[in-house]
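Here the structure comes first, spelled out in structure tokens, and everything after it is commentary.
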Amino acid sequence: LRVVLSRNNAHEKEKADTEDAKVTISDVTYKKPEAITTLNALGATLSSDASDKEVIDAYNELPPVKKKEFKEKAAKAEE
């Protein structure tokens with residue numbers, strides 16, 4: 001029963017995660033919609049409601065040159 005509750009709780013947190021406006025990648029906080037748009041321009045195929053995990057995974061899959069390009073182009077969120 002504990003495992004089922006944990007999985008449901010994790011699912012609810014991940015589901016809620018798609019509604020936030022920021023994502024943190026490599027200790028820098030970006031505006032999530034712009035991060036998704038920038039990643040897609042660099043070859044990712046993220047949906048507009050992608051979770052933070054999906055956005056971070058897409059970033060991690062980029063080659064170093066494209067990671068640098070992402071950091072230069074993506075709009076940073078104001079703290």
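Treat the numbers as computed from the prediction; the structure is a model and nothing was measured.
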Flag the pair [X] / [Y] as yes when at least one side-chain heavy-atom distance between them is below 4.5 Å, and no otherwise.
X: Lys67; Y: Pro64; value: no
X: Lys66; Y: Tyr59; value: no
X: Leu62; Y: Glu69; value: no

What distance do [X] atom [atom1] and [Y] atom [atom2] have between them, rounded to the nearest 0.5 Å?
X: Ile56; Y: Lys53; atom1: CD1; atom2: NZ; answer: 9.0 Å
X: Ile36; Y: Asp49; atom1: CD1; atom2: CG; answer: 7.5 Å
X: Lys32; Y: Asp52; atom1: NZ; atom2: CG; answer: 4.0 Å
X: Leu46; Y: Asn40; atom1: CG; atom2: CG; answer: 5.0 Å
X: Lys76; Y: Lys31; atom1: NZ; atom2: NZ; answer: 11.5 Å

Residue set satisfying side-chain hydrogen bond (donor to acceptor under 3.5 Å, both in side chains) with Thr24, at least two apart, ordered chain then number -> Thr29

Smallest separation among heavy atoms of Pro33 and Ala21, with atom names: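 Looking at all heavy atoms of both residues, the shortest contact is CD-O, 3.9 Å.
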
Just jot down the side chain to side chain contact (heavy atoms under 4.5 Å, CB included) partners of Thr38, sequence neighbours excluded, or say none. Leu42, Phe70, Lys73, Ala74

Glu54 side chain to Ser51 backbone, donor-acceptor under 3.5 Å: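 Yes, because the side chain of Glu54 sits within donor-acceptor range (under 3.5 Å) of the backbone of Ser51.
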
